[in-house]
Amino acid sequence: ADEGPIKVGILHSLSGTMAISESTLKDTMLMLIEKQNAEGGVMGRQLEPVVVDPASNWPLFAEKARELLAKEKVDVIFGNWTSVSRKSVLPVVEELNGLLFYPVQYEGEESSENVFYTGAAPNQQAIPAVDYLMNEVGVKRWVLAGTDYVYPRTTNKILETYLKDHGVAQEDIMINYTPFGHSNWQSIVSDIKKFGSAGKKTAVVSTINGDANVPFYRELANQGIDAADIPVVAFSVGEQELSGIDTGPLVGHLAAWNYFMSVDADANYDFIDQWIEYTGKEDAVTNDPMEAHYIGFNMYIEAVKKAGTTDVDAVKDAIIGVSVPNLTGGYATMMPNHHITKPVLIGEIQDNGQFSVVWQTPSTVAGDAWSDFLPGSKDLISDWRKPLFCGNYNVVEKTCGGKAEVAAQ
Amino acid sequence: MSITRSLKQLLMACLLTLPALVHAQASDEQAQSLLKQLADASYAEKGRIINDIAGSGDERARQWLEAFADGKLARVEEDTDVAPADTFVIVLENRGRDWTVADALTGDEIGEISRRNLDSIRINNALRGELDGILSVIDLKVDDPEQRLAAARGLRGSVDDAMVENLSELMAEEENNSVKAALEEAIAIYRVEELGDVDAVETLSGSLNSQARAALNAASRSDDAALAKAAKEAMVSIEQKLKMNRAAETLYFGLSLGSVLVLAAIGLAITFGVMGVINMAHGELIMLGAYTTWGMQQLLPGQPGLALILSIPAGFLVAALAGIAIERSVIQFLKGRPLETLLATFGISLILQQLVRTVISPLNRTVITPEWMSGSFMVNEGLFLTLNRLYIIGFSLVVFAGLMLIMRKTRLGLEVRAVTQNRAMARSMGIKATRVDIMTFALGSGVAGLAGVALSQITNVGPNLGQNYIIDSFMVVVFGGVGNLWGTLVAGLSLGTINQLLEPWAGAVLAKILVLVFIILFIQKRPRGLFPQKGRAAEG
Amino acid sequence: MSTTNTSYSQSWLTRPFTERSTQIFLGVLFAAMAVVTFLHVAMPQDSALYVSSYTVTLLGKYLCYALLAVAVDLVWGYLGILSLGHGAFFALGGYAMGMYLMRQIGDRGVYGDPVLPDFMVFLNWESLPWYWHGFDMAWFAFVMVLLAPGILALVFGFLAFRSRVTGVYLSIITQALTFALMLAFFRNEMGFGGNNGLTDFKDILGFDLRTDATRLGLFLATGVALAIGYVICRAIVGSKLGRVSVACRDAEARTRFIGYRVERVQLFVFVVSAMLAGVAGSLYVPQVGIINPSEFSPLFSIEIVVWVALGGRATLYGAVIGALIVNYAKTVFTGVMPDAWLFALGALFVLVTVFLPKGIAGLLPGFRKKQQDDDPKTTGTEREATA
Amino acid sequence: MSIMTELTQRDRVFDFLTPTASPVDVRHGPILYLEDVTVSFDGFKAINNLNLTIDDGELRCIIGPNGAGKTTMMDIITGKTRPDVGSVWFGSRHNLLTMNEPDIASLGIGRKFQKPTVFEALTVFENLELAMAADKRVLPTLTARMNGETKDRIEEVLGTIGLTELRNREAGILSHGQKQWLEIGMLLMQKPRLLLVDEPVAGMTEQEMERTAELLTSLAGKQSVVVVEHDMGFVRSIARTVTVLHQGSVLAEGSMDQVSNDPKVIEVYLGEGA
Amino acid sequence: MLKIEKLNQFYGESHTLWDLDLDVPKGQCTCVMGRNGVGKTTLMKCVMGEELVKDGRIIYGGDESGAGGEDLTRRRLEDRAALGIGYVPQGRQIFPLLTVEENLRVGLAARADGSKQIPERIYELFPVLKEMKNRRGGDLSGGQQQQLAIGRALVIEPKLLILDEPGEGIQPNIVAQIGEVIRRLIEEDNLTVLLVEQKLPFARKYADKFAIMDRGRRVAEGDIAELSDELIKQHLTV
Ligand SMILES: Nc1ncnc2c1ncn2[C@@H]1O[C@H](COP(=O)(O)OP(=O)(O)OP(=O)(O)O)[C@@H](O)[C@H]1O
Ligand SMILES: Nc1ncnc2c1ncn2[C@@H]1O[C@H](COP(=O)(O)OP(=O)(O)OP(=O)(O)O)[C@@H](O)[C@H]1O
Ligand SMILES: NC(N)=O
Ligand SMILES: [Mg+2]
Ligand SMILES: [Mg+2]
């Protein structure tokens, strides 16, 4: 209904293992909503946040999504971090025709009519990072280390194909998976050290997630692996993760993101000031998923204005093509595949827990829902505009993948 | 690379001819212009400018280069109260929104400037590597032999034609044998790699240094048959040593993982093993210890080592007090209902976790590793024992010994066992059971706090810390045999070792699964753990 | 005394129906199901009394948990086996059902592969692993719902009980079991979808899972399953075997000396309980729409035990009450006080333990004093049959 | 209903599960032989080369100092403790050392423990019910129904042990002496061929002792009974043959008079005053 | 030494002790008798403080009439040992996983003189305890455990010794010895003994006074010499 406040569901874990990452995103949303309301809301309507705690429990994510959509009747949801939580929520959002903005870098291989992916797809993070290491740093030997779940698995699969396409031999690739929260990195780091002492420049591409990073970096430092010898480029370590690590010994290790807190742009400084004021903590940090929410939120606002309503279908249509400023001085555009355009930045860790950008893509990169480097998906594209209106259109077979019944409509 | 080479050459020359670098001071305009070039240059050009700066002979050069290497050389973008635009500054404190800076030219602290208004001069790993090389060449000449040794070791694999002659001279003059040997090795690597010198292979045989090995490795694939043969022979003896090293390393990893398990479990061996409280909040008590360390470091900024040492008593105290609070408020009402302690302590653990999230932060906290605990202890060139874990092994043994003493040799030990075995009877023998309960629970909790202090040095300090250790802790206590402290020690160490033995060929995930399966099967063989309570009393 | 001696002469299966507590339980359960159905079907959507399908599904989920809790109470309350790994059986039943549901997707997955589930296409699996065969057939999957947890419990229990593993030792190896399974299922190589597990189900037995009717059907099926599970447990507990179980719980060695093969009693009850847990898991999966290795998490299994303890151990209905209350509290608290709900839940656990030693069931009228609350077995210092 | 009953009793057809219960072979006289049995705990020989034979239908008293090994001997017979060496036969067919506790119990060896152990959470009635001789396999136990006959039997035993009034009380609250009686009752319910009774009259009054004596003597003949007791009055009142154990082996054996005048027995056990 | 007045005790609903009076004179051995389940052990537990009493008084110390004594009902269980009360409970209640020596040492804390040594006298009395010093209490035979329980109570050198069927399970010559010890302690150390005993010969031989209980009440008392067959028949047979 187009009256009363616009209800914004916030579906981030505030307890359990993921609270470490997700709880700031809840605060980010609250801050953005507060600011928007202070500016008069949207079309004269105020925004009203509805916060729930899915408690890092995947089925609970689905339940809470249903609660938000069916019971609270929210107009849009911002939420999720892990892929599994998104997978859990996805059927609910599709069934109840909701809108979900997902702010975290992920493995791709998905495009839902109801989900907007404001984090990076692999081609917006992993591939450019590897390009950088290969071309600028001259890395010849690769360690792909990740937590054992689907995002690292897929990313590494893509990278493995990509590296081999670029002439890297099998024996120059070492792949290693560890469980969530892995804390004993001694022998793995020792293996990396050995792998790296073969005389060729070696780098570690890390998709290690969350809590496992602190002990990992500590072990690196203690075993004397220096960024100058074997740099580690991480896709899941941002300012927030660094705020829990003694960064002294990590200076020079890398991360690839679409945003860094240290980026020298006015929009960014404003955002940081706003965040510091909102949290009341001088040492509060911002990070990439926060930027993704910032972008997603603004895109949603623009789309609602454009559509003139919060009606889900209208917003879905309106949002494609919407462009809003990002925090790094450029613009982000919502593409027809529900992914957005992003610049890719490579940063080196500084001793103050910040990244210093050492490289960035010359222009923004559009997110790819389906990877070009996986056999199952290289022929798939996604386009949610009519007449195609399909999340997984096979350009070879000219069919709309598994959604045969949708195509038939 | 050639730029650096010439720079090195220059440095080497200075080094050998002059007692120290001549200190001249270039004019400030010159310096300003150099710094401006550095700031505006692309990464590729920055190398050359470093060269110019180092070669300028300006005594401030080293300061600039170090600041640059640390990413702390910056330019003021717009006029401010403290400095006009385009002033080059060295950032002294780079946290928060306003940074404290010093004028790069005068070296004087000039005040705070908003980060918005500072443009850091960018550096990357490649440049930093080169800078390190330059600085280490300079270090070859210092008085401290340790520093010289480090510099000489650092040179291995990076010697080039430009340096080799000077290095040889330096080696001849060197008095310290270790430094001399390191220099010799550095030169030999160069000779094997670049000149294919068979004689130099001799020097390298037996060396465990990875650069030396890489050189030999390459040489063994050389077309020169004599060289290849010699290199292969040298490799054999190295491989032998490496095998030994690897075995020792695995053992060390195992013991260190084991000692972490022991530390985490040992408090539980008291509260659960001896008192019979199924203490699900044990992990959160560990967490409190870890947060105490963080708190201490906040209280004593800049003294992480002292803070860490003070955290040992403080962590014990905090966790012990929390333990007493738990005992008094809940556990004491559950006498004779041991299973329900599970329910209550589970609730307590939820509360404690959320308390930390609410009061402190849901995010991890930074605990700094003091200097003396970071890095490794070198046994030989191929075997390094990480210091933090070395300390933890020692610490866990000390904690264990202390507990053992308390439980075996003091009155409390006897009384707590009597109370848990037959509370009513113990009381009729005059034992103040309530006091014993409090003290024992406090002891167990305090030891959990100690574990937290230690764990803060290897893992996250965050609200989930406890959750990550609770399952393992129960596993260790039970595997060792409930109520047997020795059992906890042996169980922890052996599970750690088994895990590390399996990990190289099974991978981390499968190794962990195999350890769990091993525990399940082992318990079939010994249904009461490693050190069971034997005899009539236990069997029933 | 509700176990009057006269009831001993009844057949084990009919006895529960003559018991007051079972009659009340079934009455309340079926009445609640009827009311929910009526309010859902007959009330207009905007009525205050309307029960939305969201609520129906939520209730269905609670009932699954209730059945799981009953299964745990059977082994813990009456047999003295504190299983800290019952989540494993629940999850296995869930996976069996999930595999069926995955196969039902057919070519409607994102990659449109008619046989391979999406995650396999995605990770380049060439063909269906052998253990996935047969799950396209409902009957097979439903048999596996019972067999997978049943066989695991049989093998595990056979080993453990034969070796006379008891008390905390047993508890901890059940925990190790579920922990190991969790790690194993996390591995993508296992072929169960790794951490993402199985999702995106479309229909069950030909009914679209997204329709309200199917949801209601699943809710009712769960209610019936709970009723049957409850009656089975009651029947076992009220039979002579139930009394032997209690005997094993309190004095295992002594039970052997009067001629009972304790390990077989334990094995039987354990397997029955595991199967019930499996059924609960299988009904849970289509209702929540996902099964993933976190159901194997040791902390989840501990939580189940907490529900039972909170509700009141060794009563069966206490387990149901505990599961319903805790999970309802979670739903409410995570919604209304997202930042502080753990305080509330934690405090609930603590307060119940301290002030309601018999659990919440202890508040009910007619609660039997006979229910023993503490079990010397699991303290590790059992004293029995000693010289 | 009848179908249900039918169904539930179907498992009775699984006859192949029934162990072919071979009757105890006592054609050669003795029902229990212990030969050269030795058991040691951490090097301490609790039973040392023990030889003992109990005849079918015999009532045997075993006495001996504390720690002589009497309870340990019972542990060995019932399968609780495995001897280091030696052999133990029940009748001439069953080697008890190869069997576990429930098998031995089902063969017909019942035991009363020195420290009374009953099922504390179960009522007195239920304690007796469980002990009752019956098919003790899992499914038969599950489907077991109580008929009038068994109920009468339980009531009868309840009367014998004087706990009729407490039949529905939990066994855990019984006093020490009452538990002793309950254990004797459980033993009676088991109808074993061989009863091993460890200190039955500890804590009983004189008069109860007399009742116990009567009870045990009445059982002898049909069943074999081995009684361990320190109360000489009681032993004297029931004893036919008395065996004296000392330090794990037989010190003396014979009638009560013979034994009580044996100087060795007097020295280590009875004392001058007895 | 111990004066019990109008003691009432309940187990939940069931009223176990009824208005019970009992006098235990100093320096004598008072024997409580009664059939199974009449409440003897319960009475002992009340004196020790293991069970709560509903009402009534237990006066310890003081003179004949109890004046100057202390009301035990208000004392916690653990304080009673320090007052000099030693307890040998029914069923032994030794600490099964402590060694024999540790079992004995447990009592040392309650000793008035603060000695840390186990009195040699105990080993003299029960040589088997010395022999088995390092064995776990739970591994001992029944009779050995009983001896340990008595030895443990003597460690605190009590002024009042409560013995609940001490002879149970002990070989005859040692039973006799225990009797002798009791007498000796009474005579030499002016010990007061409260004894529960079913065995008449033992009671007759070593006790000074008797009290008979029935269904929670005291039904008879007097000097041991007055314990007639009639009383026995009336109260001790079924
Ligand atoms: N598990 C064990 N470990 C060590 N010693 C044991 C163990 N079991 C029994 N003993 C010792 O073996 C001896 C025999 O014990 P047992 O219980 O058989 O004696 P008993 O003849 O029954 O004595 P009582 O008349 O006192 O009951 C005792 O000295 C006892 O301490
Ligand atoms: N914990 C309890 N709860 C309820 N009733 C109990 C409890 N303990 C004992 N009783 C009951 O109280 C009564 C007295 O028990 P008590 O142990 O004092 O008897 P007793 O005189 O010592 O007998 P015995 O000679 O057999 O040792 C008994 O009827 C017993 O069933
Ligand atoms: N999408 C992730 N990082 O799980
Ligand atoms: Mg004995
Ligand atoms: Mg008594």
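Quantities reported herein were computed from a predicted structural model and do not represent experimental measurements. Residue numbers begin at 1 in each chain, while the letters A, B, ... track the order of the sequences.
With a 4.5 Å cut-off on side-chain heavy atoms, C/Arg254 and D/Glu183 count as touching.
The contact between D/Asp103 and chain C is made by backbone and side chain atoms together, counting heavy-atom distances below 4.5 Å. Interface residue D/Met186: only side-chain heavy atoms are found under 4.5 Å from chain C. Of the atoms belonging to D/Ala133, not a single heavy atom falls under 4.5 Å from chain C.
When each of C/Ala235, C/Ser239, C/Ala247, C/Gly242 is scored by its heavy-atom pairs under 4.5 Å with chain D, the top score falls to C/Ala247. Annotation: maximal heavy-atom pairing with chain C below 4.5 Å, among D/Val138, D/Asn127, D/Thr72, D/Asp75, occurs at D/Val138.
Electrostatic pairing of D/Glu129 and C/Lys240 does not count as a salt bridge here, judged by no charged N lying under 4.0 Å from a carboxylate O.
Across all non-hydrogen atoms, the minimal contact from C/Val244 to D/Thr141 is CG2-CG2, 3.8 Å. The heavy-atom pair separating C/Arg261 from D/Ser106 by the smallest distance is NH2-OG, 3.9 Å. Shortest non-hydrogen contact noted between D/Ala144 and C/Arg15 is O-NH2, 4.2 Å.
Under a cut-off of 6.0 angstrom, the local environment of CZ in D/Arg82 is crowded, with over 12 non-hydrogen atoms contributed by other residues, nucleotides or ligands. The number of heavy atoms from other shown groups lying within 6.0 Å of CZ (C/Phe158) does not exceed 12.
Once rounded to the nearest 0.5 Å, the distance linking CG of C/Asp250 with CG of D/Leu122 reads 7.0 Å. Atom OG1 of D/Thr123 and atom CZ of C/Arg243 lie 8.0 Å apart (nearest 0.5 Å). Remark: C/Trp12 CH2 to D/Thr143 OG1 distance equals 8.0 Å, nearest 0.5 Å.
Under the side-chain contact (heavy atoms from CB on, under 4.5 Å) criterion, D/Lys136 pairs with C/Ile258, C/Tyr260, D/Gln190, not counting sequence neighbours.
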Verdict with reasoning, D/Thr117 to C/Phe257, per side-chain contact (heavy atoms from CB on, under 4.5 Å): CA-CA 11 Å; D/Thr117 35; C/Phe257 286 114; over 6 Å; no

side-chain contact (heavy atoms from CB on, under 4.5 Å) assessment of C/Thr255 paired with D/Phe119: CA-CA 9 Å; C/Thr255 316; D/Phe119 303 120; 3.4 Å; yes

